[in-house]
Undergrad: 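Once you've had a glance at the structure underneath, I'll fire off some questions.
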Amino acid sequence: MLHSIHALLRSASAVGDVFVNGWVRTRRDSKDFSFLEVNDGSCLANVQVLVDAGTEGYDLVKQIHTGAAVSINGDLVESPGKGQRWELRAKRLQLVGDAPEDYPLQKKRHTDEFLRTIAHLRPRTNKYGAMFRIRARLANEIHRFFHDRGFYWIHTPIITGADCEGAGEMFHVTTLDLMNVPKTDGQVDFAQDFFGKEANLTVSGQLSVETCCLSLGKVYTFGPTFRSENSNTSRHMAEFWMIEPELAFADLRDNMALGEEITRHLVRFVMEECAEDLALFAKYVDTTLMQTLQNIAEHDFVRLPYTEAIDLLAKSGRQFEFAPAWGKDLQSEHERFLTEEHFKQPAIVYDYPKDIKAFYMRQNDDGRTVAAMDVLVPSIGEIIGGSQREERYEPLARRISELGFDPADYWWYLETRKYGSVPHAGFGLGFERLLMLVTGVPNIRDVIPFPRTPKHLEF
RNA sequence: UCCCCGGUAGCUCAGUCGGUAGAGCGGGUGGCUGUUAACCACUAGGUCGGCGGUUCGAGCCCGUCCCGGGGAGCCA
């Protein structure tokens, strides 16, 4: 019977006749026997396998190198050596797939930069194995978090008609022959394209999910999102995953409360349920990680209006490269000052100037701010961006026109404000940025198996 | 897109003033009766990112291109 190494290592007693499949991490030889460290991905730890002259297949053992795939039948017994409680005494060893001498992964550490060039092999390292286990567990927990609170998961479209999405740079989707694009009056004739109009990959599921919010009450999306900005930073990718809850009969305070609750819940979840994998990151990647997570788990986030944040920055006595000024967006250095130096914890900044925020955000009574909020965390910056939505038909239509958009393009979005409109709010939580937060990994390209960034589409 | 740093063995890196290539790991061979990034001995392995230039001589200096990284910007 096939056993997972995870289950075997947690066994309360010795087990006879076990069967393990996995990959060899290292081999240590003595004259008449060898030890194999075998990992099957079920957990970070390897099982130590003793292979000796009595093992069927012992003649193969010298051909087994780091990276080789093996199957082992044997008995799980208490280990007489130090360092592990259980070991596998092999009765039969099979080499399923060998790994020749040019296998690129060595037993010592590699740089993340090198491992990115072999993204097809890096899941076989301890660190990336741990990362992708945490990623999967966290994604699953996000669904459970919402399910437990009565939210419905809505599948919003990946391909979208461009007009309603706002200003972000988008990837075109087309079946037109790019060598011979049909044109009318010098313009591309999208009428001949697959959808009969210009199509793009979505930059957000928000506008779509709002429609379901105004029926199902509490909803969320969780899926891939695409932005074609030429961003070359450690926190941006062209393809990333986003969680976007949307709450009906809710205002900005409810929104902030949900953003804080989910962040804290997921941090606690990883600390409790992914402890073994998390320990690797705390030991090798960020030695202050557990403090950071503890801090988030135990303390309320700071909340302050944008106007106060600008005031605080201006009076900080700090020389910033870009002077903080009301009406301008917070720079990276400003966000870092707030979360890393001043408050030393996550902070929610809200009520931003309307001119630096999106058209759909609810206008405040002061006439110059909107009910927007950003959750900022140390090192990473913005992890959540959201707002209360403008639920009033007239102000929304006016804002669309003011910004030079055609209200006709937003007809269905506006209709949701015409029929049974209610105050509602939501936000976008960057899944990869959340993973950076909980693991301490400083580059977003290392929290997803195959990162997509400008000029990088290998694998 | 801008600024800065880097590219030497399969991998991680060292290489002094410009004088002709080094270590550890990995691989191979041998040794070792319980190892833990096992250990010990021997050994193979190089277009020093590409092209051009300066020089008696370039891994090192200059130009240029490519690639990688960091920071910034862009980023509902």
Side-chain angles (χ1 to χ4, degrees), chain A residues 25-37 45-53 62-63 65-67 77-84 87 89 99-118 121 125-126 164-170 202-207 210 225-238 240 242 244 284 320-322 329-333 336 352 354-361 370 372-374 381-382 384-387 389-390 399 403 405 426-428 430 433 442-446 453-456 458:
Chain A
R25 284 293 166 76
T26 183
R27 189 188 83 213
R28 294 182 291 269
D29 299 319
S30 278
K31 188 178 183 185
D32 298 316
F33 57 92
S34 295
F35 292 103
L36 301 178
E37 293 279 343
N46 309 318
V47 68
Q48 172 168 289
V49 180
L50 176 67
V51 182
D52 62 20
K62 293 291 168 65
Q63 299 171 37
H65 300 117
T66 298
V77 300
E78 282 197 50
S79 176
K82 290 174 184 167
Q84 60 282 317
E87 68 183 23
R89 200 165 286 256
E101 61 190 53
D102 56 353
Y103 183 62
L105 294 173
Q106 62 173 24
K107 289 192 273 185
K108 290 193 177 185
R109 64 175 293 140
H110 289 286
T111 60
D112 292 320
E113 292 77 17
F114 170 67
L115 292 170
R116 267 172 229 149
T117 69
I118 51 168
L121 296 175
T125 64
N126 287 335
C164 303
E165 294 267 356
E169 295 291 317
M170 303 173 83
T202 184
V203 295
S204 165
Q206 182 202 318
L207 301 188
E210 279 189 51
T225 305
F226 308 88
R227 309 241 169 126
S228 63
E229 277 99 21
N230 185 23
S231 298
N232 294 286
T233 79
S234 55
R235 348 176 260 292
H236 293 88
M237 287 187 295
F240 61 98
M242 194 155 62
E244 298 176 281
Y284 295 114
F320 293 105
E321 191 183 343
F322 298 93
D329 215 346
L330 296 180
Q331 300 284 324
S332 295
E333 58 178 340
R336 297 183 73 124
Y352 282 81
K354 67 177 180 183
D355 289 335
I356 59 171
K357 288 294 182 181
F359 72 90
Y360 53 72
M361 295 184 175
V370 289
M373 63 127 185
D374 285 351
E382 180 183 339
I384 288 176
S387 68
R389 317 307 187 188
E390 181 55 81
R399 191 66 184 145
L403 292 172
F405 304 136
F427 59 79
R433 289 187 179 177
N443 196 312
I444 200 166
R445 301 171 185 117
D446 299 329
T453 54
K455 302 283 186 285
H456 291 91
E458 193 67 49

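In what follows, every chain begins at residue 1, and chains take the letters A, B, ... in the order their sequences are listed.
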Undergrad: If the condition is ring-ring contact (aromatic ring centres under 6.0 Å, His included), which residues does Phe320(A) pass it with, not counting sequence neighbours?
TA: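 In terms of ring-ring contact (aromatic ring centres under 6.0 Å, His included), with neighbours along the sequence ignored, Phe320(A) is linked to His334(A), Phe337(A).
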Undergrad: What integer distance in Å separates Gln331(A):CD from A72(B):P?
TA: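 Whole-Å distance recorded here is 10 Å.
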Undergrad: Measure NE2/His65(A) against C1'/C25(B) and give the value in whole Å, please.
TA: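 These atoms are roughly 14 Å apart.
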Undergrad: When the C1' atoms of C40(B) and G53(B) are considered, how many whole Å apart are they?
TA: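 To the nearest whole Å, 50 Å.
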Undergrad: Give me the distance, rounded to whole Å, that separates G71(B) from G26(B) when you measure between the C1' atoms they each carry.
TA: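 Result for the C1' pair: 35 Å, nearest Å.
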Undergrad: From CG of Leu105(A) over to P of C11(B), roughly how many Å is that when rounded to an integer?
TA: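 Computing the Leu105(A):CG to C11(B):P distance gives 11 Å.
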Undergrad: Under the side chain to side chain contact (heavy atoms under 4.5 Å, CB included) test, which residues partner Lys357(A), sequence neighbours left out?
TA: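 Once residues adjacent in sequence are excluded, the partners of Lys357(A) under the side chain to side chain contact (heavy atoms under 4.5 Å, CB included) criterion are Tyr352(A), Met361(A), Val370(A), Ala372(A), Asp374(A).
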Undergrad: What is the distance, rounded to the nearest whole Å, between atom NE2 of His236(A) and atom C1' of C74(B)?
TA: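 Spelled out: NE2 on His236(A) to C1' on C74(B) is 8 Å.
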Undergrad: Among residues at least two apart in sequence or on other chains, which ones pass side chain to side chain contact (heavy atoms under 4.5 Å, CB included) with Ser234(A)?
TA: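 Testing Ser234(A) for side chain to side chain contact (heavy atoms under 4.5 Å, CB included), a comparison that skips the adjacent residues, returns Asn443(A).
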Undergrad: How would you list, by chain and number, every residue that makes a side chain to side chain donor-acceptor pair (under 3.5 Å) with Thr26(A), sequence neighbours excluded?
TA: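 Side chain to side chain donor-acceptor pair (under 3.5 Å) list for Thr26(A), sorted by chain: Lys107(A).
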Undergrad: Whole-Å distance between G70(B) C1' and Arg336(A) CZ?
TA: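 Whole-Å distance recorded here is 12 Å.
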Undergrad: Run the side chain to side chain donor-acceptor pair (under 3.5 Å) test against Arg89(A) and tell me which residues pass, sequence neighbours left out.
TA: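 For Arg89(A), no residue satisfies side chain to side chain donor-acceptor pair (under 3.5 Å) once neighbours in sequence are set aside.
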Undergrad: Rounded to the Å, how far apart are Asn230(A) CG and A72(B) C1'?
TA: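 Rounded to the whole Å, the gap is 13 Å.
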Undergrad: G68(B), OP1 or OP2 - any side-chain N/O from Thr117(A) closer than 4.0 Å?
TA: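 It does not, given that no N or O in the side chain of Thr117(A) lies less than 4.0 Å from OP1 or OP2 of G68(B).
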Undergrad: What interatomic distance, in whole Å, is found between P of G68(B) and the corresponding atom of G57(B)?
TA: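 Roughly 35 Å separates the two P atoms.
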Undergrad: Please give the stem ranges for RNA chain B, sorted by first residue number, where a stem is three or more consecutive Watson-Crick or G-U pairs and both donor-acceptor distances are under 3.5 Å.
TA: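 If one scans RNA chain B for consecutive Watson-Crick or G-U pairs, the stems found are B:1-7 with B:66-72, B:10-13 with B:22-25, B:27-31 with B:39-43, B:49-53 with B:61-65.
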Undergrad: Is the distance from OP1 or OP2 of G68(B) to the nearest side-chain N or O of His456(A) less than 4.0 Å?
TA: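 Indeed, a polar side-chain atom of His456(A) lies that close.
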Undergrad: Which residues satisfy the side chain to side chain contact (heavy atoms under 4.5 Å, CB included) test with Pro454(A), sequence neighbours excluded?
TA: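 Pro454(A) satisfies side chain to side chain contact (heavy atoms under 4.5 Å, CB included) with Asn230(A), Asn232(A) once adjacent residues are dropped.
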Undergrad: Treat primed atoms plus P, OP1 and OP2 as sugar-phosphate and everything else as base, then score nucleotides 34-45 of chain B 5' to 3': B for base contact with protein heavy atoms under 4.0 Å, S for sugar-phosphate contact only, - for none.
TA: BBBBB-------
Undergrad: Using whole Å, what does the distance between atom P of nucleotide G71(B) and atom CD of Glu333(A) come to?
TA: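 Between P of G71(B) and CD of Glu333(A): 14 Å.
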Undergrad: Using distance alone, with no hydrogens and no angle criterion, decide if Glu210(A) and Tyr360(A) have a side-chain donor and acceptor under 3.5 Å apart.
TA: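 No, no side-chain donor-acceptor pair sits under 3.5 Å.
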Undergrad: Holding to side chain to side chain donor-acceptor pair (under 3.5 Å), I want the full list of residues that pass it with Glu382(A), two or more places apart in sequence or in another chain.
TA: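 With sequence neighbours excluded, Glu382(A) shows a side chain to side chain donor-acceptor pair (under 3.5 Å) to no residue whatsoever.
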